[in-house]
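Let me begin by presenting the structure, written as structure tokens, before commenting on it.
First the proteins, then the strands, lettered A, B, ... as listed; each starts at 1. Any value given below was found using the heavy atoms of this structure, including those in side chains, with hydrogens, waters and symmetry copies removed.
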Number of protein chains: 2
Amino acid sequence: MSRIERMCVERGLKMTGQRRLIARVLSESEDHPDVEELYRRAVALDARVSVATVYRTVRLLEEKGILERRDFGGGRARYDPADRGHHHHLIDVDTGNVIEFADAEHDTVARAIATRLGFELVQMRLEIFGRRLPAPPPATPARARRRT
Amino acid sequence: MSRIERMCVERGLKMTGQRRLIARVLSESEDHPDVEELYRRAVALDARVSVATVYRTVRLLEEKGILERRDFGGGRARYDPADRGHHHHLIDVDTGNVIEFADAEHDTVARAIATRLGFELVQMRLEIFGRRLPAPPPATPARARRRT
DNA sequence: ATATGTGCAAAATGTTTGCTATCTA
DNA sequence: TAGATAGCAAACATTTTGCACATAT
């Protein structure tokens, strides 16, 4: 039984073949797939699924707190299993690649800000959009260069 | 001439009546309206605009760096004049209200993270979702309160 | 047995675009 | 006047939904 399927069962969801399939695909994914991609991966394993079901399922899993919906630009929602733990994202603006990272300091500061403004922190979202740096300076190429 | 219109002119945009109108609406807005809302406010001032033009204009202004597009959930893009300075958002999960705040520390840390991961920071997005706290403790009346 | 889930195609939503008329610089 | 822009409606892309049938508990 896949990791995500187990979470579904724990929450008392009725498990159909397609939900099991989608749960499996999610469990085996290490990236942040969108619905179309999930559908593609699912169909490859068992053609008896429809996109509509994928949409319905991710929505359900989001409501149950099993998935988190993300928006990294590009117009489609992308999904992130909640059990990966709290983390943030760095998106490569050129390639669209997403790197996950955790940062306790940000979390602490965010909570403090919420409190200061009279709110209880429910969730926070930190996304950094960046461009890959040229590659670390070639050690010492005859002469060290200074930053421009 | 409205604040935003001035920015358009500075960037050499051809100013039509509708662009002037939209620029004015943006200049007078202190929230983060979506296209439909911008259109509503614009039409109220002068009916000779279409939604298509609002879409085209916000996209143009975004490309020119005059507006920043935001996503606070809810499916529609919302716009934020870039000249308000760098800031982040706290969204009230119950009402959808958005509060702006600045936080230099976050910015510094974000830049450091990007660098550590081998990226140059292009942009960052920090959103805090919170729920309004019950109201500060009735504050021992007869005695002055300290800042939290 | 009964409530719930699925597939399909149609509809809803938000946004973009082709074309012609119009306007700015 | 040349070239960019506006309006309109049709086109798009993504996501939701109504309905008849299938399935899990």
Proximity of Phe72(B) and His89(B) rings by center, below 6.0 Å: yes
Asp31(A)/Arg41(A) salt bridge by N-O under 4.0 Å criterion: yes
His106(A) side chain to Ala104(A) backbone, donor-acceptor under 3.5 Å: no
SB check Asp80(B) Arg70(B) (cutoff 4.0 Å): yes
Residues Arg84(A), Glu100(A): salt bridge by 4.0 Å N-O rule: yes
Spatial distance of atom CZ (Arg3(A)) from atom CD1 (Ile66(A)) [nearest 0.5 Å]: 11.0 Å
Rounded distance in Å - CD (Glu63(A)) to C1' (dT15(D)): 14 Å
Carboxylate-amine/guanidinium contact Arg40(A) Glu37(A), below 4.0 Å: yes
Close approaches to DNA chain D from residues 37-62 of chain A, in residue order (heavy atom, under 4.0 Å): Ala52(A), Tyr55(A), Arg56(A), Arg59(A)
Glu36(A) CD to dC12(D) P, straight-line distance once rounded to whole Å: 16 Å
Asp107(A) side chain to His88(A) side chain, donor-acceptor N/O pair below 3.5 angstrom: yes
Under-4.0 Å salt bridge between Glu10(A) and Arg6(A): no
Within residues 8-23 of chain B: residues closer than 4.0 Å to DNA chain D (heavy atoms): Lys14(B), Thr16(B), Gln18(B), Arg19(B)
Bend angle of the helix from dA1(C)-dT25(D) to dA25(C)-dT1(D), from helix axes over five pairs at each end, nearest 10°: 40°
Donor-acceptor pair, side chain of Arg24(A) and main chain of Ser2(A), under 3.5 angstrom: no
Distance in angstrom units between Asp71(B) CG and dT15(C) C1', rounded: 14 Å
